[in-house]
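Data first, discussion second: the structure below is written as structure tokens.
Everything quoted here is computed from the prediction, not taken from an experiment. Throughout, a chain's letter reflects where its sequence line sits, starting with A, and its residues are numbered from 1.
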Amino acid sequence: MKIRFNPSEFEQHWAEVWHKEKTYLTHNPQPGQEKNFTLVMFPYPSGAGLHTGHARVYTGTDVLARFYRMQGKAVLHPMGWDAFGLPAENAAIKEKKNPNELTQHNVANFKRQMNKLGISYDWDREINTTDPEYYAVTQWLFIEFFKHGLLYKKETPVYYCPHCKTGLAQEEVQGDGTHERCGNAVEKRNLPQWIFRITSYADKLIDGLQNLDWPSGILEMQKNWIGKKDGLNIDYPVQETSETITCFTTRPETNFGATFVVLAPEHPFVQKLTSGAVKIKDKALEKPLMEYVAAALRKTERERLAEEKKKTGVFTGFYAENRLNGKLLPIWISDFVLAQVGTGAVVGVPGHDTRDFEFAHTFNLPVTRVVTDGDADESLIVSAAQVYEGDKGTVINSDFLNGMDLSKALEAIIKHHEEKGWGTRATSYHLRDWIFSRQRYWGEPIPMVYCDACAKNGISFWDTKEGEEQSLRLNKAPRPHNLRQLIADVQPLMVGWFPLATEQLPLTLPAVKSYEPTDTGESPLTQVEGWKDTQCPHCKGAAVRETDTMPNWAGSCWYFLAFASKPALGKVKTDGKPWRDGDLLAWMPVDWYIGGAEHAVLHLLYARFWMHVLYDLNLVPFYEPFTRLRNVGMVLAEDNRKMSKSLGNVINPDDVIAEYGADTLRIYEMFMAPFNQEVTWSTQSLQGAYRFLRRIWQLHNNSDKVAKGDEKSTKELAVELQKVIKKITQDIPNVKFNTPIASMMEFVNMWERSGNVLSKGDAMVFLQLLAPFAPFVTEHIWRSIYAQASSIHNSKWPKINEHLLVDTTILIPVQVNGKVRDTISVAVDADEEVVIAAALASEKVAKWIQDKAPKHIYIPGRILNFIV
RNA sequence: GCCGGGGUGGCGAAAUGGUAGACGCGCACGCUUCAGAAGCGUGUGUCGCAAGACAUGGAGGUUCGAGUCCUCUCUCCGGCACCA
């Protein structure tokens with residue numbers, strides 16, 4: 001008798017039962033119990049609802065959580081909403097809705113869909129970054145960072161998105177010069193911005209990578225993004241002035257080959273020339289110089305990129321002295337030199353740097369060879385192809401360096417400069433400080449106040465009583481970093497700026513009708529009547545609030561702490577921090593962090609940075625938040641393109657669940673390919689998952705295949721089941737979800753085709769193995785057919801019966817000259833002679849050996865190879 | 001240019017240096033059905049009637065034995081990039 005398999009008849013029911021029974025409630029680890037914090041990167045709740053990519057990453061993480069829960073570990077598997085930020089606000093503007101209401105609405109929809117998918121979240125720990133209680137803590141942390149000199153405000157050239165009308169961080173600008181969120185071209189603008197001094201943590205952020213179990217690609221990306229390079233800052237006196245130009249170089253050993261110096265248009269010496277502070281002697285040079293600099297400064301990032309590396313520039317008429325050999329180096333200005341890199345000034349060595357060569361070639365500057373690479377070629381360099389940039393070779397034409405190999409020369413020349421006082425060791429980073437202001441409404445208001453009167457009196461936070469007390473505390477800080485120096489740096493810039501007191505938090509986002517961004521570089525909060533005006537926390541006079549908001553990355557920098565320990569500002573008074581150390585010690589760091597690779601240098605870098613700082617401030621007991629990171633691959637539409645509304649190729653999980661059930665969707669998404677790999681959706685392949693579940697359903701509903709009484713499983717099935725337990729128990733912690741499903745399918749094929757009966761106990765064990773992947777149908781069978789009182793998801797993960805796995809006979813493939821000719825069956829403990837005799841007795845083998853006396857190689861229990 | 005990750009049947013893919021293609025999709029034939037769908041069964045890398053030979057992007061190498069290790073090379077995907 002066939003029974004219909006219709007998951008929609010029971011899935012909803014069990015979702016409700018789990019909710020009622022609190023099946024997935026978090027229990028703090030008991031003494032001796034291992035903890036497991038399994039976390040998926042929390043979503044921004046978009047209006048489109050869950051897509052198949054969400055379903056994939058949440059299911060994979062859920063499999064891990066369910067597996068560890070059944071293994072008896074204390075599991076924390078929470079979910080929350082990263083709801084501040086541009087996408088939510090832009091969507092709200094488009095639909096002319098209030099972003100707060102829209103967010104609430106989308107969250108409800110996401111949650112409904114996640115429950116339908118059967119993801120085992122503990123909803124008691126749900127958080128939302130836009131909740132005032134939550135962002136009160138984000139603001140409190142901002143203030144902590146400010147007080148320790150890690151944040152300051154300054155007018156500076158920043159990336160600016162004219163579409164989103166806000167400043168951006170370097171990390172938010174993509175390789176093609178577009179904004180990571182909206183895809184529009186980014187410009188540069190001078191704007192007063194809050195700046196987070198992430199570069200002061202560059203070294204710690206590199207060192208911290210060492211012990212992380214992350215995909216190597218992500219580790220490399222972070223390392224390259226921080227981009228640490230050691231080199232030398234060399235000082236060059238400018239002839240006939242009292243000026244000095246400092247050039248950063250990573251190749252000082254080639255410095256005898258220097259023939260010119262190039263400055264970025266933004267370089268201070270250039271500013272002195274254009275302002276007249278330093279007089280240009282040759283009047284003929286003045287006009288072209290002024291024009292070139294003005295044009296370069298006007299150019300947008302895009303225009304600079306578009307010019308395809310053609311070298312342009314102007315001569316200043318000044319010369320710098322290379323004190324190594326007394327040569328005078330003409331000083332040029334060119335926009336190929338970037339102000340933010342190194343010192344914004346480059347010493348040109350055209351013989352051994354292609355860009356320098358191109359510049360020298362364009363302006364007929366001399367080229368000198370100072371290195372030979374192995375083949376002892378000392379010829380003149382006249383084409384770019386001859387420029388040798390490698391680090392293996394011998395130095396020539398370089399006085400005391402002559403004959404040294406490059407690595408030895410590097411040390412020698414650095415020492416020489418240091419001894420003479422001509423230069424100092426320096427480090428350059430690709431990483432830039434983090435622009436932390438957004439001129440937008442939908443974000444955490446920055447909890448700072450500016451007082452003009454105090455500013456005029458030169459008073460900063462560190463001049464107040466509280467600031468002084470905090471300064472004293474720094475002396476006792478267990479992990480001081482270089483915070484004293486950081487504070488000293490920012491103090492003069494930050495006169496007049498004061499943080500809100502903890503009691504004044506949260507500084508709530510005012511409810512307004514109109515919140516559209518302005519094009520003035522000012523936040524819409526400036527338009528809100530009366531919101532801006534406040535009292536100076538120090539002098540109590542009239543003062544104004546900061547009107548910029550924080551970027552959407554702020555809330556996600558610490559949300560995992562909120563899952564581990566419910567945050568509340570009230571705890572600051574008693575504990576000195578908004579969470580409990582005990583809770584953090586119990587759960588942090590995150591054991592499994594699962595998400596897409598697109599956050600490699602955004603969220604993952606920012607969150608690490610915050611934790612390193614909080615550790616130094618003694619606010620958290622660890623500094624690397626994510627022990628293990630695993631990436632999930634994208635799910636492409638059936639046409640191999642990204643799913644998108646405009647292409648009309650989106651698969652909605654709701655539709656799939658309605659037709660096939662959530663378990664089918666889960667099994668399919670786990671089975672289709674390795675978890676970290678990109679996959680293409682196939683509705684046809686989805687059927688395979690449905691068929692698999694239906695067969696299981698029917699096997700359990702059909703009394704022929706499962707013992708009614710105490711009958712035992714046949715030996716063959718019992719052994720096979722043990723192998724499946726072993727395989728799945730090994731594969732899940734390796735984030736291999738496709739192969740466990742394959743092995744369960746194999747087992748089902750065997751079970752079905754053998755016509756044999758499985759004992760009730762073994763049938764239940766099989767259900768347990770499937771439970772993390774297909775929680776609904778397994779629970780339904782477990783409770784309705786096997787009449788279990790409590791959930792399969794809190795049952796104990798099956799143990800392997802090693803005893804059953806010991807074979808008595810084994811199959812040995814027999815090769816002749818490396819080609820398999822037969823397979824023989826021998827006792828597991830058979831001696832080599834016995835195996836060989838058995839192999840030689842095989843006709844198939846004998847045929848290939850004939851009369852020759854073969855040599856052989858026998859790997860006990862594995863393979864036998866005859867060599868003829 | 002630099003840094004990562006891939007290339008295995010018609011397709012998605014499996015494979016601690018030890019029987020390449022498990023498992024799934026698709027396809028073919030058969031059973032079932034008034035018919036179709038669904039289901040069930042058998043087969044399915046290529047060439048070959050078969051014996052067998054050839055097959056993991058390409059070329060070499062190490063090994064009794066290589067998809068797996070080494071060298072070179074082609075190609076696709078991601079990241080960074082006038083970074084001094």
In whole Å, what is the span from the CG atom of A/Leu604 to the C1' atom of B/G79?
14 Å

Is A/Lys311 close enough and on-axis enough to A/Phe336, meaning under 6.0 Å and within 45°, for cation-pi?
yes

Write down the partner of B/U32 under the Watson-Crick or G-U wobble criteria, each distance required to be under 3.5 Å.
none

Watson-Crick or G-U counterpart of B/C23, or none if no pair lies under 3.5 Å
B/G12

Please report, rounded to the nearest Å, how far the C1' atom of B/U42 is from the CZ atom of A/Arg753.
10 Å

Quick one: does A/Arg862 reach the base of B/U16 with a side-chain donor-acceptor pair under 3.5 Å?
yes

Identify whether any heavy atom of A/Ile859 sits under 4.0 Å from a base atom; if not, whether one sits that close to sugar-phosphate; answer base, sugar-phosphate or nothing.
base

Atom CG of A/Leu686 and atom C1' of B/G26 are separated, to the nearest Å, by 15 Å

Among the nucleotides B/A84, B/C82, B/A13, whichever has the atom closest to the side chain of A/Lys311 is B/C82

Listed pairs, N/O of protein and of nucleotides 48-52 of chain B, under 3.5 Å:
residue: B/G52; atom: OP1; partner: A/Lys847; partner atom: NZ; Å: 3.0

A/Tyr159 six-ring centre to A/Lys188 NZ/CZ under 6.0 Å and within 45° of normal
yes

For atom NZ of A/Lys228, decide whether the heavy atoms of other residues, nucleotides or ligands shown that lie under 6.0 angstrom number more than 12.
yes

Under 4.0 Å protein heavy-atom contact, by nucleotide of nucleotides 3-11 of chain B - B base, S sugar-phosphate only:
SSS------

When you measure from the side chain of A/Asn738, which nucleotide among B/C83, B/C80, B/A14 comes out closest?
B/A14

For A/Leu410 and A/Thr250, the nearest pair of non-hydrogen atoms, with its separation, is CD1-O, 4.3 Å

